Amino acid sequence: MQNRFERHLQVHHALNAGLDAMGLHIYHQTDHEMPMVTCVEIPDQLDGDQFRETFLKDFGVEISSSFGSLQGKIWRIGTMGYSAQRHFITNFIALFGAALLQAGASVDLKAGLDATAAGFANQPSPEEVTV
């Protein structure tokens with residue numbers, strides 16, 4: 001269990017570093033965080049639901065909306081279980097950044113990828129981590 005907790009926490013920090021470096025804002029970062037879900041504010045110029053639909057259709061990646069007062073304001077990105085692995089997070093940042101750029105958002109994809117890689121620096125490879 002300890003290995004799983006540490007893996008989820010590492011993935012969470014690497015994902016957040018990548019999203020931050022791209023210029024996105026993590027909703028209530030360090031305030032009410034959970035290592036298995038990252039909440040990111042939807043860029044003002046985007047329709048959050050339309051983006052999610054296109055992201056799923058064109059890239060095969062699903063992210064969640066929110067509900068209540070946060071509906072249309074944040075996306076929820078899950079990193080639970082099997083998906084909490086370095087290669088999935090790196091691929092997610094690459095695809096998410098590309099989709100955001102295509103949708104007209106201003107993000108720094110290279111900075112996001114570099115920050116994500118740095119978040120995993122000096123960490124064991126996926127084969128070395130007990131799931």
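Note that these values count all heavy atoms, side chains included, but never hydrogens, waters or copies made by symmetry. Everything numeric in this text was worked out from a predicted model, so none of it was measured.
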What distance do [X] atom [atom1] and [Y] atom [atom2] have between them, rounded to the nearest 0.5 Å?
{"X": "D44", "Y": "K73", "atom1": "CG", "atom2": "NZ", "value": "11.0 Å"}
{"X": "N91", "Y": "Q85", "atom1": "CG", "atom2": "CD", "value": "11.0 Å"}
{"X": "S65", "Y": "I74", "atom1": "OG", "atom2": "CD1", "value": "8.0 Å"}
{"X": "S106", "Y": "L100", "atom1": "OG", "atom2": "CG", "value": "10.5 Å"}
{"X": "I77", "Y": "I89", "atom1": "CD1", "atom2": "CD1", "value": "9.0 Å"}
{"X": "L70", "Y": "E41", "atom1": "CG", "atom2": "CD", "value": "9.5 Å"}

Ring centres under 6.0 angstrom apart (W75, F55):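 No, the ring centres sit 6.0 Å or more apart.
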[X] versus [Y], closest heavy-atom pair with distance:
{"X": "H8", "Y": "M36", "value": "CD2-CG, 3.6 Å"}
{"X": "A111", "Y": "A21", "value": "O-CB, 3.3 Å"}
{"X": "A105", "Y": "L46", "value": "CB-CD1, 4.1 Å"}

Does any N or O in the side chain of [X] come within less than 3.5 Å of the main-chain N or O of [Y], such that one atom is a donor and the other an acceptor?
{"X": "R7", "Y": "G81", "result": "yes"}
{"X": "R76", "Y": "V37", "result": "no"}
{"X": "S83", "Y": "T79", "result": "no"}

Does any non-hydrogen side-chain atom of [Y] lie less than 4.5 Å from one of [X]?
{"X": "Q2", "Y": "F5", "answer": "yes"}
{"X": "F51", "Y": "I63", "answer": "yes"}
{"X": "I93", "Y": "L19", "answer": "yes"}
{"X": "Q71", "Y": "D49", "answer": "yes"}

Stepwise side chain to side chain donor-acceptor pair (under 3.5 Å) test for H12 and T38: CA-CA 7 Å; H12 176 71; T38 294; 3.2 Å; yes
Worked check of side-chain contact (heavy atoms from CB on, under 4.5 Å) between F96 and L109: CA-CA 9 Å; F96 192 53; L109 179 52; over 6 Å; no
Q10/E6 under side chain to side chain donor-acceptor pair (under 3.5 Å): CA gap, chis, key distance, verdict: CA-CA 6 Å; Q10 177 194 14; E6 288 173 13; over 6 Å; no
F92/F59 under side-chain contact (heavy atoms from CB on, under 4.5 Å): CA gap, chis, key distance, verdict: CA-CA 10 Å; F92 174 80; F59 293 90; over 6 Å; no
Linked, directly or transitively: L9 and V40 (ILVMFWY side chains, under 4.5 Å):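 No, because L9 and V40 fall into different hydrophobic clusters, even though each may have its own neighbours under 4.5 Å.
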